[in-house]
K.L.:
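Structure below; questions to follow.
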Amino acid sequence: MSTPPPNPYSGAPVPPGPHPGAPAGQNPYGQPPAGANPYGQQPGAGQNPYGQQPAPGGYPAPGQGHPAQGYPAQGHPAPGYPQQPQHPQYAAPYPHAQAPGCRQCGAPETANFAVRAHVGVLILMRFHTLNGPFCRQCARSLIRTMTTKTLCQGWWSPFSLVIFSPFTLLWNLFAAMKYSKLPHPTPAPGRQPLEEGPPVHARPLAYVAIIPLLWATWVAVNIFLDVSGRR
């Protein structure tokens with residue numbers, strides 16, 4: 001009965017030399033001797049010991065850290081292609097860029113002043129604002145339309161009657177004075193300015209404001225007479 005080889009992991013010292021049970025010249029633990037290919041394949045002359053053959057031309061296969069033949073290295077352009085800049089190049093801004101023209105017709109003769117309208121019905125109120133720039137003709141058309149809207153629909157709320165509608169009418173008056181100083185507009189090609197239309201006093205809806213104004217006048221006169229009679 002043969003004696004089994006000592007366990008090298010048991011902590012007991014292992015005597016030198018071949019162990020009983022292992023053939024002479026063979027590693028008893030199944031590990032190849034030093035210098036041998038661990039994968040069991042012996043490379044031939046000029047072969048890679050790890051089984052990978054270089055690509056034609058002396059370059060390793062793609063993905064091994066070096067580009068194969070016919071593939072340029074990263075950061076270098078391929079033959080026949082221009083080299084790309086490292087950072088994008090931006091052109092200088094156009095030195096003769098013009099300010100935007102009229103929002104409606106594109107005319108360059110403009111002023112930047114808003115046009116307003118106000119609508120008040122009992123406790124509901126709405127504020128309309130059209131911001132410039134506008135040319136003289138387009139602004140005059142908008143001012144007449146928005147002012148007529150305010151005169152017709154801007155008096156049917158207590159706050160609108162006392163505060164917001166008068167403020168809106170004064171604002172549009174200053175806007176009309178500002179735009180009237182502009183020269184005649186020159187619309188952009190393919191665009192037309194707004195039609196001015198009839199003036200405010202020639203529009204029947206503007207006279208709807210007479211009704212709340214007469215009512216406000218009547219209330220004010222009665223209050224004045226009542227205060228005067230108590231004295």
K.L.:
Pick out which of Pro185, Cys135, Pro193 makes a side chain to side chain contact (heavy atoms under 4.5 Å, CB included) with Cys102.
P.N.:
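Filter result, single survivor: Cys135.
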K.L.:
Counting the benzene-type ring for Trp, do Phe164 and Trp171 have ring centres under 6.0 Å apart?
P.N.:
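Ring centroids of Phe164 and Trp171 are no less than 6.0 Å from each other.
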K.L.:
After noting the C-alpha distance and the side-chain angles of Ile211 and Trp156, does the key distance pass the side chain to side chain contact (heavy atoms under 4.5 Å, CB included) rule?
P.N.:
CA-CA 10 Å; Ile211 300 175; Trp156 311 109; 4.3 Å; yes
K.L.:
Closest heavy-atom contact between Ser157 and Leu122?
P.N.:
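Nearest pair, atom of Ser157 first, then Leu122: OG-O, 2.6 Å.
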K.L.:
Counting C-beta onward and ignoring hydrogens, is there a side-chain heavy-atom pair between Phe134 and Leu194 closer than 4.5 Å?
P.N.:
no
K.L.:
Would you find a donor on one side and an acceptor on the other, under 3.5 Å apart, between the side chain of Ser165 and the backbone of Ser160?
P.N.:
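Looks like yes, one N/O pair under 3.5 Å.
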K.L.:
Would you say the side-chain atoms of Asn222 pair up with the backbone N or O of Trp218, donor to acceptor, closer than 3.5 Å?
P.N.:
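Yes, the answer is positive, given that a donor and an acceptor are paired below the 3.5 Å cut-off.
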K.L.:
Are Val219 and Phe224 co-members of a hydrophobic cluster defined by side-chain heavy atoms under 4.5 Å apart?
P.N.:
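In one cluster: no.
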K.L.:
Take a 6.0 Å sphere around CG of Leu225 and say whether it holds more than 12 heavy atoms from other residues, nucleotides or ligands.
P.N.:
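Buried by this count: over 12 neighbours within 6.0 Å.
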K.L.:
Between Asn172 (side chain only) and Val115 (backbone N and O only), is there a donor and an acceptor less than 3.5 Å apart?
P.N.:
no
K.L.:
Give a yes or no on whether Phe127 atom CZ has more than 12 heavy-atom contacts from other residues, nucleotides or ligands under 6.0 Å away.
P.N.:
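Result for CZ/Phe127: enclosed.
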K.L.:
Measuring from atom CD of Gln192 to atom CD of Gln137, what distance do you get when rounded to the nearest 0.5 angstrom?
P.N.:
9.0 Å
K.L.:
Out of curiosity, His118 NE2 to Trp155 CH2, how far, rounded to the nearest 0.5 Å?
P.N.:
9.5 Å
K.L.:
Identify whether Phe167 and Met146 are in the same connected component of the hydrophobic contact network (ILVMFWY, side-chain heavy atoms under 4.5 Å).
P.N.:
yes
K.L.:
Does Ala107 offer a backbone N or O that forms a donor-acceptor pair with the side chain of Thr186 under 3.5 Å?
P.N.:
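No: the side chain of Thr186 does not pair with the backbone of Ala107.
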K.L.:
Not counting sequence neighbours, which residues clear side-chain hydrogen bond (donor to acceptor under 3.5 Å, both in side chains) with Arg144? List them please.
P.N.:
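Not a single residue meets the side-chain hydrogen bond (donor to acceptor under 3.5 Å, both in side chains) criterion with Arg144.
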K.L.:
How long is the gap from NE2 on His184 to CD on Glu109, to the nearest 0.5 Å?
P.N.:
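So the NE2 of His184 and the CD of Glu109 are separated by 9.0 Å.
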K.L.:
Which heavy atom of Arg191 sits nearest to which heavy atom of Cys105, and what is that distance?
P.N.:
CB-O, 3.5 Å
K.L.:
Distance check, rounded to the nearest 0.5 Å: Thr145 atom OG1 versus Leu205 atom CG?
P.N.:
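One gets 11.0 Å once the value is rounded to the nearest 0.5 Å.
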K.L.:
Within the 4.5 Å heavy-atom criterion, are Asn131 and Arg103 side-chain neighbours or not?
P.N.:
yes
K.L.:
Measuring from atom OG1 of Thr150 to atom CZ of Arg116, what distance do you get when rounded to the nearest 0.5 angstrom?
P.N.:
11.0 Å
K.L.:
With a 4.5 Å cut-off on side-chain heavy-atom distances among I, L, V, M, F, W and Y, is there a chain of contacts connecting Leu213 to Leu151?
P.N.:
yes
K.L.:
Looking at Ser141 and Cys138, would you say the former's side chain and the latter's main chain have a donor-acceptor pair under 3.5 Å?
P.N.:
no
K.L.:
Enter the distance from Leu142:CG to Leu130:CG here, rounded to the nearest 0.5 Å.
P.N.:
6.0 Å
K.L.:
Determine whether Leu169 and Leu173 make a side-chain contact, defined as any pair of heavy atoms from C-beta on separated by less than 4.5 Å.
P.N.:
no
K.L.:
Tell me the closest heavy-atom pair linking Pro198 and Ala202, and the distance in Å.
P.N.:
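What the structure gives for the nearest pair is CB-CB, 4.1 Å.
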K.L.:
Under a 3.5 Å distance rule, please check whether Thr147 uses its side chain to pair with a backbone N or O of Ile143 as donor and acceptor.
P.N.:
yes
K.L.:
Applying salt bridge (Lys or Arg N to Asp or Glu O under 4.0 Å), which residue pairs with at least one partner in residues 119-143 are found, sequence neighbours left out?
P.N.:
Arg140-Glu196
